[in-house]
Amino acid sequence: MLNALISKNHIVKKQGFTLVELMVTIAVVAILSAIALPSMNNFLIKMRVDNEITEMQRLLLTARNVAINSGINTSVCPLNDDGDACSGTNSWLGIIGVVNTDGVLKEKSALKAGDQLQFNSATIVYTPTGQTSTDTAGSFSYCPKGYTEENRGIDVSSSGRVYSSSDTDNDGKDENRAGGEISCSS
């Protein structure tokens, strides 16, 4: 009966890939991966840097807004090991927080190992007018390990405003508001 259903013109063939077809496909995928992976790595580094800069800007804006709305001096600083107060050190690699007399209001996680975040002071203090205290204005420099072309920065003015760095001279590297390239000391 089965033979009656299958006529001489309809021979059933098994479908599949030959070994040569499989090897050519793997070779094409390998070549495309070799081309795409370096670009993907640079993209991931750039996204990490952008994320860190954006988080830091949000922290600074939060501190400024809290100071204005509460009428209390509010600081942005590296937190101590307990995470409940400013550490008093100028090491911006660990957890950073917004702190006032009410305690820690918001915090940002530590940097990826090897990356650097540098600032000229151990704290930034915002007054109830929204301005920084006279000695805490300055520039943050964020430098991802091994990718100096991706360095970014944030300028904090004495008026309390924050400005992100940009590539003003189109050389592929960000500059601060004074025109200097962003860099971190070793």
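Note: hydrogens, waters and symmetry copies are ignored here, and every other heavy atom, side chains too, is used. Numbers here simply count residues along the sequence, with the first being 1. Since the structure is predicted, the reported quantities are computational estimates derived from the model, not experimental observations.
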Smallest separation among heavy atoms of N100 and S70, with atom names: ND2-OG, 4.3 Å
Start with the C-alpha distance between V99 and T123, add both sets of side-chain angles, then the distance that settles side-chain contact (heavy atoms from CB on, under 4.5 Å), and finish with yes or no. CA-CA 10 Å; V99 181; T123 187; over 6 Å; no
Between N120 (side chain only) and G138 (backbone N and O only), is there a donor and an acceptor less than 3.5 Å apart? no
If you take all heavy atoms of V162 and I154, which pair is closest and at what distance? CB-CG2, 4.0 Å
So if you build clusters from Ile, Leu, Val, Met, Phe, Trp, Tyr with side-chain heavy-atom gaps below 4.5 Å, do L105 and L60 land together? yes
Is it true that N176 and S165 share a donor-acceptor pair across their side chains at a distance under 3.5 Å? no
Quick one: salt bridge (Lys or Arg N to Asp or Glu O under 4.0 Å) pairs with a partner in residues 142-154, sequence neighbours left out? D50-R152, R152-D174
Atom of C143, atom of S183 and distance for their closest heavy-atom approach: SG-C, 3.7 Å
What salt bridge (Lys or Arg N to Asp or Glu O under 4.0 Å) pairs are there with at least one residue in residues 93-112, not counting sequence neighbours? E52-K108
Do the side chains of F140 and M56 get nearer than 4.5 Å, heavy atoms only? yes
G130 to R64 - nearest heavy-atom pair and separation: O-NE, 2.8 Å
Are T89 and S87 close enough that a side-chain donor and a side-chain acceptor fall under 3.5 Å? yes
Check the pair V156, Y126 against side-chain contact (heavy atoms from CB on, under 4.5 Å), reporting the backbone distance first and the verdict last. CA-CA 11 Å; V156 182; Y126 284 95; 3.8 Å; yes
Rounded to the nearest 0.5 Å, what separation is found between the CG atom of N65 and the CZ atom of R58? 13.5 Å
Would you say Y142 ends up clustered with I95 if hydrophobic residues are merged whenever their side chains have heavy atoms under 4.5 Å apart, either directly or through other cluster members? no
Measuring from atom CD1 of I35 to atom CE of M40, what distance do you get when rounded to the nearest 0.5 angstrom? 14.5 Å
Linked, directly or transitively: I68 and V125 (ILVMFWY side chains, under 4.5 Å): no
With sequence neighbours left out, what residues match D169 under side-chain contact (heavy atoms from CB on, under 4.5 Å)? D167, D171, E175
Treating Ile, Leu, Val, Met, Phe, Trp and Tyr as nodes and any side-chain heavy-atom pair under 4.5 angstrom as an edge, say whether L22 and V28 lie in one connected cluster. no
Counting only heavy atoms not in R161 (residues, nucleotides, ligands), do more than 12 fall under 6.0 Å from its CZ? no
Flag side-chain contact, heavy atom, 4.5 Å: N73 against P128: yes
G83 and V104: which non-hydrogen atoms are nearest, and at how many Å? O-CG2, 3.5 Å
Can you tell which of D115, N41, N42 makes a side-chain hydrogen bond (donor to acceptor under 3.5 Å, both in side chains) with Y147? N41
Any chance you could measure K46, atom NZ, to L44, atom CG, to the nearest 0.5 Å? 12.5 Å
Under the 3.5 angstrom rule, does the side chain of N80 hit a backbone N or O of D84 as a donor-acceptor pair? yes
Spacing of OG belonging to S91 relative to CG belonging to L117, to within rounding of 0.5 Å: 9.0 Å
Say whether L111 and V98 are linked into one hydrophobic cluster, either directly or through other cluster members, by side-chain heavy-atom distances under 4.5 angstrom. yes
Locate the shortest heavy-atom distance separating V76 from L59; write the atom from each residue and the value. CG2-O, 4.0 Å
Parallel, tilted or perpendicular: which one describes the rings of F119 and W92, with boundaries at 30° and 60°? perpendicular
Under 3.5 Å, side chain of T74 to main-chain N/O of I72, donor-acceptor pair present? yes
Mind checking the CD-OG spacing from Q131 to S157? Nearest 0.5 Å is all I need. 8.5 Å
If you count the non-hydrogen atoms of other residues, nucleotides and ligands that lie under 6.0 Å from CZ in F43, is the total more than 12? no
